[in-house]
Amino acid sequence: MSDDDGRPPSPDPRRGPASDEGVLTRLRTAEEGPLLFVREVLTSALAVLAVGLLLFAVSGVWPPMVAVESGSMEPHMHKGDLVFITGPERFAPDASVEGTAVVTAETGAEVDYRKFGGPGSVIVYDDPGSAGPPIIHRAMFWVDEGENWYDRANPEYMSADNCRELANCPAEYAGFITKGDNNPRYDQVSGIADPVRPEWVQGVARVRIPLLGWVRLTLANSMATTTPVAPVSLDSVESVESVESVESVESVESVDVMPDAAATDDAATNDVTTIEATVADAPTAPLQVEPSELSEPSVTVTPMRAGALAA
């Protein structure tokens with residue numbers, strides 16, 4: 001029998017199944033339909049991944065971009081800005097605090113080192129003792145452990161006449177004194193944070209991209225989840241006189257009150273008096289209160305929405 005018997009040649013096992021090659025070829029050359037959509041999605045995902053890896057390689061920290069969610073750094077940073085940061089020890093200038101890449105405003109004014117409209121570095125830090133997202137503020141000066149830093153501080157940014165009246169003075173440990181450019185007080189005076197230890201610094205701000213952070217903030221708000229709070233029982237309730245002003249109550253659906261001696265004339269027709277009260281201007285989550293000895297005992301607090309990213 002001749003080699004050319006009319007049958008198609010057998011596929012070369014070294015090249016893999018012919019069907020796989022056909023799918024890849026159609027995916028690469030498609031000009032419409034589902035294959036074109038899949039190719040565009042894969043291309044976009046790969047491009048985003050490549051940019052992310054490049055930014056990580058340069059910054060040395062992940063995530064390399066943070067969104068500003070408050071106006072504490074205005075006019076040099078605005079809510080909704082996206083800020084590119086680098087690692088806390090990366091690209092350290094000669095004037096930086098030893099072991100960090102942070103130049104304080106005190107030193108920056110002397111050596112003419114300026115960032116974001118002012119002397120010194122703007123840092124992103126997270127005080128583990130404070131609730132809330134990381135904070136992006138300017139590093140004003142460095143204090144040593146036990147230092148009385150009252151005389152070094154700007155009196156306009158304090159609310160005390162001496163170190164004894166000043167919070168965090170003398171310094172319990174070494175760290176940065178920080179401040180938002182638009183805030184009237186140091187963070188360590190207003191109670192925002194304790195002196196910032198170097199290990200709390202997550203990054204040093206380098207570049208600001210206006211408005212692009214709104215995408216991040218919008219996604220954070222839309223993906224915020226709720227955390228239920230376990231009910232708390234009331235041991236005793238002697239009386240419910242009135243519901244006039246409750247700061248964190250949106251509505252009290254009903255409170256059952258047993259009739260007193262003054263209402264004995266109506267006892268024949270009304271065994272239980274029902275009061276329905278509504279508080280309209282509730283600033284936080286609704287709270288339902290039911291007396292334990294008069295009805296089913298429970299206090300249910302509905303969850304509050306979580307916050308976004310950097311402040």
Side-chain angles (χ1 to χ4, degrees), residues 61 63 65-79 81 83 85-89 96-109 115-160 162-206 208 213 217 220 304 306-311:
V61 64
M65 311 284 281
V66 296
V68 180
E69 70 165 16
S70 78
S72 64
M73 283 297 294
E74 292 180 353
H76 306 124
M77 291 182 181
H78 299 272
K79 183 177 181 178
D81 288 349
V83 180
I85 64 175
T86 58
E89 301 178 2
S96 61
V97 174
E98 184 178 359
T100 74
V102 181
V103 178
T104 64
E106 183 180 62
T107 303
K115 287 293 183 180
F116 301 99
S121 302
V122 175
I123 63 174
V124 176
Y125 72 87
D126 188 9
D127 183 349
S130 300
I135 297 172
I136 180 167
H137 280 175
R138 194 177 300 275
M140 302 303 292
F141 55 91
W142 173 269
V143 295
D144 293 320
E145 182 180 356
E147 178 182 350
N148 178 349
W149 51 274
Y150 177 83
D151 294 334
R152 293 176 56 196
N154 188 331
E156 296 181 0
Y157 305 149
M158 297 185 295
S159 57
N162 52 60
C163 181
R164 292 191 303 273
E165 299 177 0
L166 187 64
N168 293 293
C169 185
E172 183 178 354
Y173 52 83
F176 294 102
I177 301 299
T178 55
K179 178 183 174 296
D181 289 355
N182 194 37
N183 287 354
R185 300 285 185 269
Y186 294 113
D187 297 347
Q188 290 66 35
V189 173
S190 59
I192 293 177
D194 294 334
V196 178
R197 298 178 184 268
E199 56 266 29
W200 297 354
V201 179
Q202 298 182 344
V204 179
R206 301 293 183 180
R208 177 181 71 94
L217 296 179
M304 299 176 63
L309 188 61

Just wondering, more than 12 heavy atoms not from E172 lying within 6.0 Å of its CD? no
Which atom of [X] lies closest to which atom of [Y], heavy atoms considered:
X: M158; Y: R185; answer: O-NE, 3.6 Å
X: I85; Y: Q202; answer: CD1-O, 4.4 Å
X: E89; Y: G99; answer: CG-O, 3.3 Å
X: D187; Y: G180; answer: OD1-N, 3.9 Å
X: G213; Y: A67; answer: O-CB, 3.8 Å
X: A205; Y: V83; answer: CB-CG1, 3.7 Å

Taking side chain as C-beta onward, heavy atoms only, is K179 less than 4.5 Å from I177?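 No. Closest side-chain heavy atoms not under 4.5 Å.
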Is any side-chain heavy atom of H76 closer than 4.5 Å to a side-chain heavy atom of K115?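 The answer is no, as the side chains (C-beta and beyond) never meet within the 4.5 Å cut-off.
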Contacts of D144 that satisfy side chain to side chain donor-acceptor pair (under 3.5 Å) - sequence neighbours left out: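 Scan of D144 (side chain to side chain donor-acceptor pair (under 3.5 Å), adjacent residues dropped) gives W142.
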Would you check if the side chain of [X] reaches a backbone N or O of [Y] as a donor-acceptor pair within less than 3.5 Å?
X: S121; Y: V103; answer: yes
X: Q188; Y: T178; answer: yes
X: N182; Y: G71; answer: yes
X: Y157; Y: N183; answer: no
X: Y173; Y: P195; answer: yes
X: N162; Y: E165; answer: yes

Testing D127, V124, V201 for side-chain contact (heavy atoms from CB on, under 4.5 Å) with P134, which one passes?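 That would be V124.
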Could you tell me whether R138 sits above the aromatic face of F116, with NZ or CZ closer than 6.0 angstrom to the six-membered ring centre and within 45 degrees of the axis?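 No cation-pi geometry.
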For side chain to side chain contact (heavy atoms under 4.5 Å, CB included), just list the numbers for M140 and E106, CA-CA rounded to whole Å, side-chain angles, deciding distance to a tenth of an Å, and then say yes or no. CA-CA 6 Å; M140 302 303 292; E106 183 180 62; over 6 Å; no
Side chain to side chain contact (heavy atoms under 4.5 Å, CB included) evaluation trace for M73 with V68: CA-CA 9 Å; M73 283 297 294; V68 180; 5.7 Å; no
Run F176 and V97 through side chain to side chain contact (heavy atoms under 4.5 Å, CB included) and show every step you take. CA-CA 10 Å; F176 294 102; V97 174; 3.6 Å; yes
Could you please spell out the steps behind the side chain to side chain contact (heavy atoms under 4.5 Å, CB included) verdict for S96 and V102? CA-CA 5 Å; S96 61; V102 181; 5.6 Å; no
